[in-house]
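The structure appears below as structure tokens.
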Amino acid sequence: IMNEHSDLVLEYKHLDETSSTNDFLRNYTPSADISIVSASFQTKGRGQMGNTWISHEGQNAQFSVLGCPKSQKASDGFVLSQAMALAIKETLEEYVDDVWIKWPNDIYCHGKKICGTLIENTLMGKFVGRSVIGNGINVNQTDFPDGLAAPPTSICIQFGKECSTHEIIHHVVERFALYYREIMDASYERIRTLYHENMYLRGKKSLFQDSEGMFTGVISHVETDGHLVIIDEQSQSRRYAFKQVQFIREDKD
Ligand code: BTN
């Protein structure tokens, strides 16, 4: 299918069951600029940091997107993640409010996690050869297991109605294609600015935890390679890679 708003060709595939849509696309030979595969059920759904991703069958949007941005520098690779986070955030806003991007690429709604993303790039030298961006959006699931690392929510919990997972995936991908076109044209600034404007807790005094303990600080910005910069109460900037810092909560007093 040709994307309405860009010259990119998209191909969609839906599987009733697969191990993981990310795994499905890892060695897939694309016949379009962007290949999308979704699944009703994953037997080995994967999350960040080697976690498993479990979802009730058919209730959530589980899909991965493959792009081969061969001339995209690996050092600018984070912009792909930013583009997907924005596409998901904007789509969720059709249904719910108070949606934010929690660095690096989780989506939070009313302070709870509504979407997680697992990006797996295959670098070719200094370039992003293949990028698989896998997303799990909680759509119609309303009961979640205890003990999840982040308190979960879903569109149905926040919106009070069931929605079509296919429609959501379609809307996300349409938006992503527009951003992807900009990335292909090496124009990153709009994406980076929008990402900053939509960051969870940015500019708000908050409690964080790093390897040395808890501290109070304010998120300043994200560097082009994805590092997060937080300014602490001594006005020192602290720079973190993914998983080197945890958000505890907003510090309201
Ligand atoms: C996380 O928050 O830990 C990331 C979760 C990513 C889940 C999605 S579901 C579709 C794709 N396939 C997977 O195995 N994982 C991602």
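Atoms within a ligand are numbered from 1 in the order they appear, just like the ligands themselves.
For ligand 1, the atoms closer than 4.0 angstrom to any heavy atom of G136 are 7 (C), 8 (C), 9 (S). Residue-ligand proximity, G47 to ligand 1, at heavy-atom distances under 4.0 Å covers atoms 1 (C), 3 (O), 4 (C), 5 (C). Residue T21 has at least one heavy-atom neighbour below 4.0 Å for each of these atoms of ligand 1: 10 (C), 11 (C), 12 (N). Against a heavy-atom cut-off of under 4.0 Å, G45 is close to the following atoms of ligand 1: 14 (O). The N22 neighbourhood of ligand 1 comprises atoms 11 (C), 12 (N), with distances under 4.0 Å to a heavy atom of that residue. Remark: ligand 1 atoms within the under-4.0 Å shell around heavy atoms of F63 are 10 (C). Short contacts between ligand 1 and S20, defined as distances under 4.0 Å to a heavy atom of the residue, involve ligand atoms 12 (N), 13 (C), 14 (O). Within the listing of ligand 1, atoms 1 (C), 2 (O) sit less than 4.0 angstrom from a heavy atom of K113.
Among protein heavy atoms, atom 3 (O) of ligand 1 sits closest to Q48 N, 2.7 Å. Counting protein heavy atoms only, atom 5 (C) of ligand 1 is closest to W53 CE3, 3.3 Å. Protein heavy atom nearest atom 12 (N) of ligand 1, with residue, atom name and distance: Q42 OE1, 2.9 Å.
Contacts between M49 and ligand 1 below 4.0 angstrom, taking non-hydrogen atoms only, are absent altogether. Only the side chain of S64 comes within 4.0 Å of ligand 1, judged by heavy-atom distances. Contacts with ligand 1 closer than 4.0 Å are made by backbone heavy atoms (N, CA, C, O) of N135 only, the side chain lying farther away. In N51, neither the side chain nor the backbone holds a heavy atom less than 4.0 Å from any atom of ligand 1.
Looking at Q62 next to ligand 1, no N or O pair under 3.5 Å apart turns up. Polar contact check, R46 against ligand 1: a nitrogen or oxygen pair lies under 3.5 Å apart.
No side-chain heavy atom of D225 sits under 4.5 Å from any side-chain heavy atom of F78.
Ionic pairing of K243 and D210 is not present here: no N-O contact between side-chain nitrogen and carboxylate oxygen is shorter than 4.0 angstrom. Contact check on E182 versus R190 returns a salt bridge, with a Lys/Arg side-chain nitrogen under 4.0 Å from an Asp/Glu carboxylate oxygen. For K44 and D23, the salt-bridge test fails: no basic side-chain N is under 4.0 Å from an acidic carboxylate O. Between E94 and R175 there is a salt bridge, since at least one side-chain N of the basic residue sits less than 4.0 Å from a carboxylate O of the acidic one.
With N138 contributing its side chain and T153 its backbone, the two residues share a donor-acceptor pair below 3.5 Å.
Around the NZ atom of K102, the shell of radius 6.0 Å holds more than 12 heavy atoms that belong to other residues, nucleotides or ligands.
Considering every non-hydrogen atom in both L80 and P69, the closest pair reads CD1-CG, 4.1 Å. The minimum heavy-atom distance linking V139 with N60 is given by the pair N-OD1, 2.9 Å.
The distance from atom CG of N135 to atom CD of Q62, rounded to the nearest 0.5 Å, is 10.5 Å.
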Going through the checks in order, is the side-chain contact (heavy atoms from CB on, under 4.5 Å) test met by V128 and K73? CA-CA 6 Å; V128 178; K73 280 199 214 119; over 6 Å; no
